[in-house]
Amino acid sequence: MKYLNRYTFFARYIPGLISIFPLTVIYFFITKKYSDFKLNEYFESVTFLLGISATFVLTFFVSMIIREFGSFLEKKYFNNRLGFPTNYLMLYQNDKLPYQSKERYGDKINKDFGLRRLNESQERNNVDEAIKILSQASRMVSTKYQQNEQVKDANIAYGFSRNVSGGLLLSIPSSIAGIIVGFILKENSLVLWSSVAAIIFIFLAFFHKQWIIGNAEKYAEKIIAVYLSDNI
């Protein structure tokens, strides 16, 4: 198992770092306030260095937790009758992609994997079976092209949005906690940073569903485009 690669770093570790940012800010302002160091001395102190080290270690564990929250959101938004965008974008009833692309996709999965997709009339009468075939095809196509750089980039963007959204369960309460602690300690800078973080995370909370679905569809479209362009 690869613990650190491009996907793990950008789609899991960075979202974890973003999620614990408010807690990190609280820690640094509290330790700075109650230390005897001047600001430049504080940045060279063991307290500061330990805080930095602890942040990176904590981020590793937080990234695993928010990944589970992100997976929960993924199942919530895509664990329905139509499933992931790689399925429903290829349905004839979905008009986001051209009809010709769907026909070519059907020809290719039949040739490459021996899967015969339903035609438009059959699909209309049996959507569930059409989805089963498209779902099986998408798993095979994803496996075949998961190392493609364009697909990787789209997958990273989707994983980033999903996991940052999953981390909102931690980042929003800790941002609010930072505002409260800032007022108690009379640390205006802590109040400012925590307020900015809270506004950003609450904004994401309102639009996280559209963000996740939008990136999931872009990821699906990229897989499909790469697959259809292969051997042209």
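We use all heavy atoms of the structure for the numbers below, so side chains are in, but hydrogens, waters and symmetry mates are not. For this chain, numbers begin at 1 and follow the sequence in order.
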Next item on the list: Assess whether side chain to side chain contact (heavy atoms under 4.5 Å, CB included) is satisfied between Phe201 and Ile18, documenting all intermediate values.
Entry: CA-CA 10 Å; Phe201 290 132; Ile18 291 172; 3.7 Å; yes
Next item on the list: Could you tell me whether Lys102 and Glu120 have a side-chain N and a carboxylate O separated by less than 4.0 Å?
Entry: no
Taking [Y]'s backbone N and O only, do any of them form a donor-acceptor pair with [X]'s side chain (distance below 3.5 Å, no angle check)?
X: Asn163; Y: Gly70; value: no
X: Gln122; Y: Asn119; value: yes
X: Asn125; Y: Ser121; value: yes
X: Asn110; Y: Gly106; value: no
X: Ser229; Y: Val226; value: yes
X: Arg117; Y: Met90; value: yes
X: Arg104; Y: Leu228; value: yes

Margin query: Is it the case that atom CD in Gln210 sees more than 12 heavy atoms from other parts of the structure closer than 6.0 Å?
Written below: yes
Item checked: Heavy-atom closest contact (Arg12 atom, Ser63 atom, distance) -> O-CB, 3.3 Å
Item checked: Nearest heavy atoms of Ala177 and Ile26, plus distance in Å -> C-CD1, 4.1 Å
When you compare the side chain of [Y] with that of [X], does any pair of heavy atoms fall below 4.5 Å?
X: Ile213; Y: Phe78; result: yes
X: Asn155; Y: Ile223; result: no
X: Phe9; Y: Ile14; result: yes
X: Lys108; Y: Val141; result: no
X: Pro85; Y: Tyr219; result: no
X: Lys75; Y: Phe72; result: no
X: Leu134; Y: Tyr88; result: no
X: Leu82; Y: Asn87; result: no

Would you give the length of the straight line joining atom [atom1] of [X] to atom [atom2] of [Y], rounded to the nearest 0.5 angstrom?
X: Ile66; Y: Leu73; atom1: CD1; atom2: CG; answer: 11.0 Å
X: Leu169; Y: Glu68; atom1: CG; atom2: CD; answer: 13.0 Å
X: Ser142; Y: Asn148; atom1: OG; atom2: CG; answer: 11.5 Å
X: Ile65; Y: Ser19; atom1: CD1; atom2: OG; answer: 10.0 Å

Next item on the list: Answer yes or no on whether Arg139 is positioned over the face of Phe84, meaning its NZ or CZ is under 6.0 Å from the six-membered ring centre and within 45° of the axis.
Entry: no
Next item on the list: Could you give me the CA-CA distance, side-chain angles and deciding distance for Lys218 and Glu221, then say whether salt bridge (Lys or Arg N to Asp or Glu O under 4.0 Å) is met?
Entry: CA-CA 5 Å; Lys218 289 178 183 177; Glu221 288 176 18; over 6 Å; no
Notebook entry, point to check: Can the ring centroids of Tyr99 and Tyr92 be said to lie less than 6.0 angstrom from one another?
Noted result: yes
Checklist line | Working for side chain to side chain contact (heavy atoms under 4.5 Å, CB included), residues Leu170 and Phe69 | finding: CA-CA 10 Å; Leu170 172 64; Phe69 290 147; over 6 Å; no
Next item on the list: Could you label the plane-to-plane angle of the Tyr145 and Tyr227 rings as parallel, tilted or perpendicular, counting under 30° as parallel and over 60° as perpendicular?
Entry: perpendicular
Next item on the list: May I ask you to decide if the ring planes of His208 and Tyr77 are parallel, tilted or perpendicular, using 30° and 60° as cut-offs?
Entry: tilted
Notebook entry, point to check: Will you find, in the side chains of Tyr158 and Glu217, an N or O donor that is under 3.5 Å from an N or O acceptor?
Noted result: no
